[in-house]
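I have placed the structure first, in the form of structure tokens, so that the comments after it can refer back to it.
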There are 2 protein chains.
Amino acid sequence: MHGKLILVVEDERAIRDMIAFGLKRAGYGVREAEDCRTAREALADRLPDLMLVDWMLPDMSGLELTRSVKRDRLTRELPIIMLTARAGEGDKVTGLENGADDYITKPFSPRELLARIGAVLRRAGTLGLDQVIEFEGLKLDQQGQRITVQDEVLPLARTEFRMLEFFMSRPERVFSREQLIARLWGSDTSVEDRTIDVCIRRLRMALEPYGLDRYIQTVRSAGYRFSNKAQ
Amino acid sequence: MHGKLILVVEDERAIRDMIAFGLKRAGYGVREAEDCRTAREALADRLPDLMLVDWMLPDMSGLELTRSVKRDRLTRELPIIMLTARAGEGDKVTGLENGADDYITKPFSPRELLARIGAVLRRAGTLGLDQVIEFEGLKLDQQGQRITVQDEVLPLARTEFRMLEFFMSRPERVFSREQLIARLWGSDTSVEDRTIDVCIRRLRMALEPYGLDRYIQTVRSAGYRFSNKAQ
DNA sequence: CGGCGTTGTCATGACTCTGCAACATTCTGC
DNA sequence: GCAGAATGTTGCAGAGTCATGACAACGCCG
């Protein structure tokens, strides 16, 4: 898999395909769902970085899905963009009131969609694909899928990369092992939570030559945090 | 020489002139076509950096032109903006399904048009198609359709050439096998993704005598990247 | 037709990564 | 300071990923 993961919930096949095509082309990972049930399964499987939801869905309205996602503690932070066919003011307001982070009226251009996604991801604190984040000499290049320290490439395996990427886009926040597993592996996967420790260690070892391992901080009985402040 | 070249396909003389005037004023090179046939000739003659197409054209719909341009491997990457007179929803959706990168509804202000063009060109992110890209002794001549190393022509088969061309115009970016297939073969073709490995290998073998094969980097579980930095 | 270059597919072996378990160390409350 | 809990460290086997060579299908041109 590649880049940020976006879940597209849309019943009309043609539109869904078009959206997926545009997103993949831009380098996002895409997961598709045609109704709320499938969407829930996908959410349970692995939490995406952003969700696009059609307003009109066959089994249950997209609103309902949005609302429930925003109610659940595990998925509350997931940014949501609603796709609405009508340009009616009422819809937009209702959508936003129920927790969508943004909405976009059909029809829309791929450019428009990508712009919105970038904006929402930025606001959510994670990164759009065309952005570069820098942190004390640590430079994260999303497009290039690598992290450099003073122009030296950090040799990271996939899991370590994703973990550092995750932390770098959410500094100063503590994440429990449970949360990390849900976001980086997928909540249905059966991974021991002690595995996180090992992954953290590998990450620290990779950062150690540059003295940056101190940024990966242990918060006892809570989880881990990425921060440049002293413990 | 002008800056980027824009092809304007529009049957109404007055509108075409107005658009051309605005674009030239902004520093773009402009080429005009009044129908699809002329447009095709212009495309064959010299590939522009962007194409503006009117939705309603006398001989053939602009849609048809868009679709065929996006189907053709040579012109697939050409960004297209559609001009549509009607604000009807159907139009836009159809336009997008057929591959236009953006659309703009008439009437529009010159400022709006320029903004869209800028955004689409930025997103396309490719270097000008008529430029010569040089990379550590590796020279890509897109006009001559060949690649040279210290004035020696690299013996490349078509597929390898296209792949190297693709990578050279987008350095430092990782592309998944899926993406490479979609962009180099076409999204509708069914090609095994392992085929990419083989193609990469052939490319590396061609570059190896010059010690340039190290630029083609494997990014484990993500894809490949063209870069002159160390792994 | 037949040789030649090109292209996609496959099987195999080499290699890296990853999660786990087992043991070592540190921390916390008492 | 001690017991128990939480975290750090290490080696390893299985899983996953990639490079490589062989090969068949195809088109092209004499």
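Naming: A, B, ... by sequence-line order, numbering from 1 per chain.
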Checking side-chain polar atoms at under 3.5 Å, does B/S227 have a donor or acceptor matched by the opposite partner on A/R146?
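Yes, A/R146 and B/S227 have a side-chain donor paired with an acceptor closer than 3.5 Å.
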For B/D197 and A/R177, take the nucleotide of DNA chain D holding the closest heavy atom to each; which residue's nucleotide lies nearer the 5' end?
A/R177
I need the [atom1]-[atom2] distance between [X] and [N], as an integer number of Å.
{"X": "A/E192", "N": "C/dA22", "atom1": "CD", "atom2": "P", "answer": "11 Å"}
{"X": "A/L184", "N": "C/dG19", "atom1": "CG", "atom2": "P", "answer": "10 Å"}
{"X": "A/R194", "N": "C/dA24", "atom1": "CZ", "atom2": "P", "answer": "14 Å"}
{"X": "B/M163", "N": "C/dT7", "atom1": "CE", "atom2": "P", "answer": "11 Å"}
{"X": "A/D193", "N": "C/dC20", "atom1": "CG", "atom2": "P", "answer": "9 Å"}

Work out how much the helix from C/dC1-D/dG30 to C/dC30-D/dG1 bends between its end axes, five pairs an end, to the nearest 10 degrees.
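What I find for the helix from C/dC1-D/dG30 to C/dC30-D/dG1 is an axis angle of 30°.
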Could you pull out all residues at least two apart from [X] that satisfy side-chain contact (heavy atoms from CB on, under 4.5 Å)?
{"X": "B/A42", "answer": "B/L7, B/R31"}
{"X": "B/R214", "answer": "none"}
{"X": "B/E178", "answer": "A/K24, B/S176"}
{"X": "B/E136", "answer": "B/Y215, B/N228"}

So which one's nearest nucleotide on DNA chain C is more toward 5', A/W185 or B/C199?
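Its nucleotide being nearer the 5' end, the pick is B/C199.
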Salt-bridge contact B/E208-B/R204 (side-chain N to carboxylate O under 4.0 Å)
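Salt bridge: no.
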Residues from residues 209-220 of chain B lying under 4.0 Å of DNA chain C - heavy atoms
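Nucleic-acid contacts, sorted: B/R220.
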First and last nt of DNA chain D near chain B, cut-off under 4.0 Å to heavy atoms, 5' to 3', are D/dG16 to D/dG21
According to the salt bridge (Lys or Arg N to Asp or Glu O under 4.0 Å) rule, which pairs have a member within residues 217-231 of chain A, sequence neighbours left out?
A/E172-A/K229
Once you apply a heavy-atom cut-off of 4.0 Å, does A/S190 come out as touching a base, just sugar-phosphate, or nothing?
sugar-phosphate
Residues forming a ring-ring contact (aromatic ring centres under 6.0 Å, His included) with A/F161, sequence neighbours excluded
none
Could you list the donor-acceptor pairs under 3.5 angstrom formed between side-chain atoms of residues 148-159 of chain B and any protein atom two or more places apart in sequence or on another chain?
unit_1	atom_1	unit_2	atom_2	d
B/E152	OE1	B/Y210	OH	3.3

With sequence neighbours excluded, what pairs up with A/R201 under the side-chain hydrogen bond (donor to acceptor under 3.5 Å, both in side chains) test?
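Applying side-chain hydrogen bond (donor to acceptor under 3.5 Å, both in side chains) to A/R201 gives none.
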Close N or O pairs between protein and nucleotides 4-6 of chain C (under 3.5 Å):
none

